[in-house]
Each structure stands twice: as structure tokens, then as C-alpha cells.
A.B. asks: 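Please see the structure below; I have some questions.
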Number of protein chains: 2
Amino acid sequence: MATVNPSSGVSRLRVAVPAVATRVASELRLQIAEGALLPGAKLKEEALSEELGVSRNTVREAFAELASERLVVRQPNRGVFVASLEVSDIHDVYAVRRAIEVSAVRGGGSAESIAAVRAAVEEGKRAAAAGDSEGLGSANAHFHGALVAMAGSERLNVIMSQVLAEMRLFFHKASIDGGFYQDYLADNDQICSALEAGDNDLAAERLLSYLARSEEHQAAVHTS
Amino acid sequence: MATVNPSSGVSRLRVAVPAVATRVASELRLQIAEGALLPGAKLKEEALSEELGVSRNTVREAFAELASERLVVRQPNRGVFVASLEVSDIHDVYAVRRAIEVSAVRGGGSAESIAAVRAAVEEGKRAAAAGDSEGLGSANAHFHGALVAMAGSERLNVIMSQVLAEMRLFFHKASIDGGFYQDYLADNDQICSALEAGDNDLAAERLLSYLARSEEHQAAVHTS
DNA sequence: TCCCGCGAAAATGTTCAACAATTCAACAAT
DNA sequence: ATTGTTGAATTGTTGAACATTTTCGCGGGA
């Protein structure tokens, strides 16, 4: 029967059928990530309830989950809307990235965790070679996720994944030109090299430089 | 009629009567913070529903909110329990603190934000003089919250407040001896002084040293 | 004695229907 | 043009019901 995690284990083996509310949240999360639900769009409880074949209460629980991830915002008595990031949010999100990513890089990582970073770099190169703009963005997200993963902290990983989800949010608002990530491939490679060489401070410095340029770019795109 | 925040503004003026679910969450949050609900305690939906005079569904929504803050953990089909941090969580929480606090300190802050840090130091000194152990802990939380507030990032502030709430969680598990914070008053003062002198790197260094010792202390207490 | 499965009780997950409270848009009035 | 007013639509909350899962005691058997 495989009884597992007697203590505070959220993850149990089982067949792991996610609760309905969780699945609804995942579905909405996916649609937001894909751009099927654009920032600012209103999510009506009743409509979603019918469309997804679940009760209003369940939709409501899913909303709570997404709201905690900042993917939607709740306006009391008005409804929930797909989060729409403003210019000020850009700076805020990058503040979080600076804190978390730089800290992880400064702390270095195990050989395997650095290998994961390298893998993300290669993934990006392949996508670039194939002209896969979509895959390039995905690889970039993987790269920065891998950086944070070096720290081996579950909480930091969760925070980072939420931040990356938020980033995708304003990528849709002003759809990014194809060569957006192209410029940053070399940066990623150099950061990774510094890590492999054990020079964490250099890696951190390069990362900070990258983040500054990236933020500037985003700000420029979103003030036009 | 004071139309406010036309865009994604969660905060509107209004009379601001928090929704019932929000109030229930606040109430539970308070009881957890005060230690009325100890880590590991089970929160039964029906019992709370009666006790607070709200419906089960509303209790459920409050649970979702608390779960997103990691104050409670949901075990599917088993119920929700007040989060009980294990030794591994200590390291994890401190990883987040290192990332966020150090980043904020390195970035420095405005004169007012530094003044807020100084105010928290003084608050701690007063509490120490009065032998108020409780107030000492509170002041310490204010101090570290003020450090992060220097960055001026809403997201970082939210993350930090959640982390501080988590910290209080394992303070209850192994109730801290009275002179726990006493030792750290001087650290706080020195960190603050470095900030006031504009030497952010020195402040960051001292903070890192403090966090390392604090983590060690916590780990020692919780492995006994 | 110990262990294993069976079944009832209890708690959670989800649904459904209803009502109160609030917002919103259209429209009338000044 | 601005201000009230009305009514429909939507959210907030409730209460009850049912399905599912876990828990736990209990008897049977090695």
C-alpha cells in the first residue's frame, strides 16, 4: 500500500490524482501562460464553472491559488482578472530576481546543479539554431530557474517559478520581437562558464549586468 | 465618488470592510502567531465553521489563503494542519532570508528607510531595558523587515513578511529562552550603523555573519 | 500475542441551489 | 453635462447534500 511520508509530507506516491480545484488552477495557469487568456481579461465564475464542468466553489478555490501566485488579481465584488503588469511592476519583479538569482549564484552549486545550468544553455543554443523563438524563451526561463535551483532551497525554487510565470505575463502584453533572447545567449554562456570555473563572484557580476540590461529593455518596450 | 486605481489596484479607498473569508484567515493567522494554535495542530473545517459562525466553504477559502503563506499545510483528504517546521526547513528559510535581506542591504536605502531601521534598533533596546522578551522578538522582526523594506519592493516585502511569520512558527515549537535576542541587539546596531555610514558592503557582511549564527542557533535548539 | 482485513464512523472534497450585497450600465431628471 | 434612480448581472456567503477517503475499532486466524 506504500504508506509514505508519515510526517508533514505533502507529496505522497499514490496515483496522485490532483484535486479538482488544483486541476482547474493548472488549466487556467496554462491558458494564461499560453496567452489564451490575456492580461486584463476577466474571469467569470459562472462561465468557467460551466465551461470546465465544475462548481462555482471549485472555481473559486482555483482563483485563490492563482491569486496567491499573482497570476490573477481579485477585486472585491468585481471579479478576478488576469494580472496586468504595469511599468512599476517590472522594476519590482527584477528586484526579486536580483535578490534570489544573485544569492544563488554567489552560493555556488553542486556539480550536478551546474550541469543543469549548462544544459539550459545548450537548450537555448539548439533553439536558436532552429530559429525557434518560443523555445528560446523557454530555455532562458530554464536557465534562470536552474541558477536558483543551485541553492537547493524549495522555497526559493517556488518563488522563482512564480516570478518566471509573472515574466511570461508581460511578454504577452507587448509581444517580444523574435531576436529578444538572442542577445542574451552569450551572457548565459559566460555566466555558466564562470560557475563551472568556480568563480562565483564573477558569475554574479555578469548576472547583475545581464539583469540590469534585461530590465532596461523590458522597461523600454513597455513605455512605448 | 472617489473612483480609485482604475487599473490593477487591489487597494481601493472605500470603507474597506474585508471579506469574511479574509477576516477568518486573519483571525487564524493571529492565533497561530500567538501560539494559541500550535504547530501540528489540526484545523477541522466543521469545528471552525461553527466556532466562527461562518460556513464551511468560507473556512475553506481562508485555508487556501493560509496555505499559500505556508502557515498551514494541506494533506489531501486528511485535513489542514498548522505548519510544523522541520530541521531542513530551518536551512531553507534562512536561504530565503540570506537572499532577500542581503540583497536589500547591498542596495542600500533612502534616508527615511534607514531611519526606520534605526527605529527598530531603538525599539529593541527599549524592550531589552524593560525586560520585555516578547517585545524584543517583535522588535527584531521589525528590524529585519525594515532592512528588506529599504529595497522598496512590494513583492520582497510580502515574501519577507511571510518568512517572518514562518519564523515565529518554530519559535513556538521550541520556546526560545529569554535572552535569545539579547545577543543580537548589538549586531543589529552595528548593521544599522554601517548603513547610516553608507557602507552597504560592510552592513551586508555583518548581516551574513548574523544570519549564519542565528541559523546555527536555531538548528541547535531544534535538534536537541 | 500479533496481525490482517472488514466495516462503520468521521472528515474532507465537491456539488448544488439559494439569497444578500455590490457593481455596472442604461435611463430619467434637474 | 451632471446627478439620481432603477434593474440586471456578478460576486460573496450560506446551508445542505452526497461521494470519497481516511481513521479506527473489532473480530478472525496464524
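Order of the sequence lines sets the chain letters (A, B, ...), proteins ahead of strands, with each chain counted from 1.
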A.B. asks: Side chain of A:N77: nearest nucleotide among C:dA11, D:dT13, C:dT22?
C.D. replies: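 Out of C:dA11, D:dT13, C:dT22, the nucleotide with an atom closest to A:N77's side chain is C:dT22.
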A.B. asks: If you measure only the distance, is there a donor-acceptor pair under 3.5 Å linking the side chains of B:E166 and B:Q162?
C.D. replies: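 Result is no, nothing qualifies.
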A.B. asks: Side-chain contact test, heavy atoms from C-beta onward, threshold under 4.5 Å: evaluate it for A:E101 versus A:V163 and give yes or no.
C.D. replies: no
A.B. asks: Could you state the atom-to-atom distance from CD of A:E61 to C1' of D:dT13 in whole Å?
C.D. replies: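 For the pair A:E61 CD and D:dT13 C1', the rounded distance is 14 Å.
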A.B. asks: Which heavy atom in A:P39 sits nearest to a heavy atom in A:L169, and how many Å separate them?
C.D. replies: CG-O, 3.7 Å
A.B. asks: Closest to the B:R56 side chain: D:dG15, D:dA17, D:dT22?
C.D. replies: D:dA17
A.B. asks: Out of D:dT13, C:dT15, C:dG13, which has the shortest distance to the side chain of B:R60?
C.D. replies: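 Of all the options, the side chain of B:R60 is nearest to C:dG13.
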A.B. asks: What stems involve DNA chain C, if each pair must be Watson-Crick or G-U and both of its distances must be under 3.5 Å, with 3 or more such pairs in a row?
C.D. replies: C:1-30 with D:1-30
A.B. asks: Carefully, step by step, assess B:R126 and B:D132 under the rule salt bridge (charged side-chain N to carboxylate O under 4.0 Å, His left out).
C.D. replies: CA-CA 8 Å; B:R126 279 196 305 277; B:D132 179 4; over 6 Å; no
A.B. asks: Please report, rounded to the nearest Å, how far the C1' atom of C:dA11 is from the CZ atom of B:F63.
C.D. replies: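 Interatomic distance, CZ of B:F63 to C1' of C:dA11: 12 Å.
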A.B. asks: From CG of B:L43 over to C1' of C:dA11, roughly how many Å is that when rounded to an integer?
C.D. replies: 13 Å
A.B. asks: If you assign B:N57 and B:K42 each to the DNA chain C nucleotide with the nearest heavy atom, which residue ends up on the more 5' nucleotide?
C.D. replies: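 Result of the comparison: B:K42.
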A.B. asks: With heavy-atom distances below 4.5 Å as the criterion, would you say the side chains of B:L43 and B:V59 are in contact?
C.D. replies: no
A.B. asks: Kindly point out which of C:dT12, C:dT15, D:dT13 is positioned nearest to the side chain of A:V54?
C.D. replies: C:dT15
A.B. asks: C:dT15 phosphate, OP1 or OP2: any side-chain N/O from A:T58 under 4.0 angstrom?
C.D. replies: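 Answer yes for this pair, as a side-chain N or O of A:T58 is under 4.0 Å from OP1 or OP2.
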A.B. asks: With no angle test and no hydrogens, is the base of C:dG13 tied to the side chain of B:R74 by a donor-acceptor pair under 3.5 Å?
C.D. replies: no
A.B. asks: Can you measure from CG (A:L147) to CG (A:N188) and round to the nearest 0.5 angstrom?
C.D. replies: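 Reported to 0.5 Å precision, the distance equals 7.5 Å.
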A.B. asks: Specify the separation, in whole Å, of atom CD of A:E50 and atom P of C:dC16.
C.D. replies: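 A:E50 atom CD is separated from C:dC16 atom P by 11 Å.
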A.B. asks: Round to a whole Å and report the spacing from CG of A:L52 to P of C:dT14.
C.D. replies: 14 Å
A.B. asks: Once the angle between the rings of B:H144 and B:Y210 is folded into 0 to 90°, is it parallel (under 30°), tilted (30 to 60°) or perpendicular (over 60°)?
C.D. replies: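 If you compare the ring of B:H144 with that of B:Y210, the planes turn out parallel.
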A.B. asks: Whole angstrom is fine here: how far is it from CD in B:E46 over to P in C:dA10?
C.D. replies: 11 Å
A.B. asks: Among the nucleotides C:dA11, D:dT10, D:dG12, which one has an atom lying closest to any side-chain atom of B:K44?
C.D. replies: C:dA11
A.B. asks: Please give, in whole Å, the distance from C:dA17 P to A:E45 CD?
C.D. replies: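 Whole-Å distance recorded here is 16 Å.
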A.B. asks: Any idea which of C:dT14, C:dC16, D:dT13 is nearest the B:S55 side chain?
C.D. replies: D:dT13
A.B. asks: Grab the CD-P distance between B:E65 and D:dT13 for me, whole Å please.
C.D. replies: 11 Å
